[in-house]
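All heavy atoms count here, side chains included; hydrogens, waters and symmetry mates do not. When a ligand or atom number is given, it counts from 1 through the structure's own listing order.
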Amino acid sequence: MRVLVITGAGISAESGIPTFRGKDGYWRKLDPASLATPEAFARNPGLVWEWYRERRAGIRKAEPNAAHEAIVRLANGARDFLLVTQNVDDLHTRARWNGKQLREDHLVQIHGDIFVTRCSRCDRKEHEDELATASPSSGGQEPERELPRCLDCGALMRPGVVWFGEQLDLANIHKVEDFLARGDCDAVLVIGTTAMFGYIGDWAVRGAGDSGQLFEINPETTPLSDVATECVRERAAVALPGLVERILARSA
Ligand code: NAD
Ligand code: ZN
């Protein structure tokens, strides 16, 4: 069985990580869609860094939920598997099922990793744990001189995520395209995403091909709902364990 899973912020909602568009999405009355941009960082890097530091702290405290775990189970039951997540959190990586975790080559973080810090000018990249960043601020905005700077070129470091209006990483696109080129999937699951980015809908539809099942798991309708073979209108952590069981049973 070949399986493609695509996830968005909704799958982490029940782990306590707010989606951008949900009721807790705003941060200090600011719209995340306007903070997660290169323009916001150029205008006010201290403010953007503060937001990311708070989000990192929230994610560190969060635990994977039953939906993240069910996906690990599905990955282990499939012959060929890929998970494309738009999430920058690390809950897919930390999730376990029966003592197993996702294989590294099973996961593409198409919008980057919030725990990576990279240079805004050169190629330097560090994982947060290795980096000597200024300590998290206590509320006020951080002066620019206290923000992390590149040890190679001196430019400001920035979160290693893909902001609105930025290009996706080519190596990541290739991983997805290589997987799709190997053939149609038996099942494609699109979980907790508004699927507002064209490439997300495109990968889902192409993954299912002519004969694959396309499942949408989302309490609300999205542009993909019309083309899905089955819409599960439930929260991911409620729906996924049973759905994965059903898909695995059918393929057995
Ligand atoms: P979004 O915030 O636009 O939409 C979330 C979707 O999840 C909605 O369609 C909503 O109906 C659905 N949803 C809410 N609760 C759910 C639940 N319990 N179960 C299933 N579905 C649920 O998120 P998006 O489409 O992923 O795109 C926004 C961008 O924001 C992405 O690029 C992503 O990188 C980023 N983001 C990431 C995180 C994270 O890493 N956890 C959190 C917020 C935003
Ligand atoms: Zn640099």
Under 3.5 Å, N/O to N/O: give me all the pairs between ligand 1 and the protein, one per line with atom names and distance.
unit_1: ligand 1; atom_1: 2 (O); unit_2: Phe20; atom_2: N; d: 3.0
unit_1: ligand 1; atom_1: 2 (O); unit_2: Arg21; atom_2: N; d: 3.4
unit_1: ligand 1; atom_1: 3 (O); unit_2: Arg21; atom_2: NE; d: 2.5
unit_1: ligand 1; atom_1: 3 (O); unit_2: Arg21; atom_2: NH2; d: 2.5
unit_1: ligand 1; atom_1: 3 (O); unit_2: Thr194; atom_2: OG1; d: 3.2
unit_1: ligand 1; atom_1: 7 (O); unit_2: Gly192; atom_2: O; d: 3.1
unit_1: ligand 1; atom_1: 9 (O); unit_2: Asn218; atom_2: ND2; d: 2.9
unit_1: ligand 1; atom_1: 11 (O); unit_2: Asn218; atom_2: OD1; d: 2.7
unit_1: ligand 1; atom_1: 18 (N); unit_2: Glu14; atom_2: OE1; d: 2.9
unit_1: ligand 1; atom_1: 19 (N); unit_2: Ala236; atom_2: N; d: 2.8
unit_1: ligand 1; atom_1: 25 (O); unit_2: Thr193; atom_2: OG1; d: 2.8
unit_1: ligand 1; atom_1: 25 (O); unit_2: Thr194; atom_2: N; d: 3.1
unit_1: ligand 1; atom_1: 25 (O); unit_2: Thr194; atom_2: OG1; d: 3.0
unit_1: ligand 1; atom_1: 26 (O); unit_2: Ala9; atom_2: N; d: 2.8
unit_1: ligand 1; atom_1: 32 (O); unit_2: His111; atom_2: ND1; d: 2.6
unit_1: ligand 1; atom_1: 34 (O); unit_2: Gln86; atom_2: O; d: 2.4
unit_1: ligand 1; atom_1: 34 (O); unit_2: His111; atom_2: ND1; d: 3.3
unit_1: ligand 1; atom_1: 40 (O); unit_2: Val88; atom_2: N; d: 2.8
unit_1: ligand 1; atom_1: 40 (O); unit_2: Asp89; atom_2: N; d: 3.1
unit_1: ligand 1; atom_1: 40 (O); unit_2: Asp89; atom_2: OD2; d: 3.4
unit_1: ligand 1; atom_1: 41 (N); unit_2: Asp89; atom_2: OD2; d: 2.7

Over 60° means perpendicular and under 30° means parallel, so classify the ring planes of [Y] and [X], tilted if in between.
X	Y	answer
Phe197	Tyr199	parallel
Trp163	Phe41	tilted
His92	His68	perpendicular

Inset, instruction - Start with the C-alpha gap between Arg56 and Arg60, add the side-chain angles, then the distance that decides, and say whether side-chain contact (heavy atoms from CB on, under 4.5 Å) holds. - result: CA-CA 6 Å; Arg56 282 177 174 179; Arg60 261 192 236 102; 4.0 Å; yes
Inset, instruction - For Asn98 and Lys100, indicate whether the former's side chain and the latter's backbone hold a donor-acceptor pair under 3.5 Å. - result: no
Legend entry - Under 3.5 Å: donor-acceptor pair, side chain of Asn218, backbone of Ile191: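 A pair under 3.5 Å: no.
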Legend entry - the Zn ion (ligand 2): protein N, O or S atoms [distance under 2.8 Å]: Cys119 SG, Cys122 SG, Cys150 SG, Cys153 SG
Legend entry - Within one Ile-Leu-Val-Met-Phe-Trp-Tyr cluster: Phe215 and Ile71, side-chain cutoff 4.5 Å: yes
Legend entry - Note: Glu54-Arg28 ion pair, threshold 4.0 Å (strictly below): yes
Inset, instruction - With Leu4 as reference, evaluate Leu189, Val188, Val176 under the side-chain contact (heavy atoms from CB on, under 4.5 Å) test and give the passing residue. - result: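 Output: one option passes, namely Val188.
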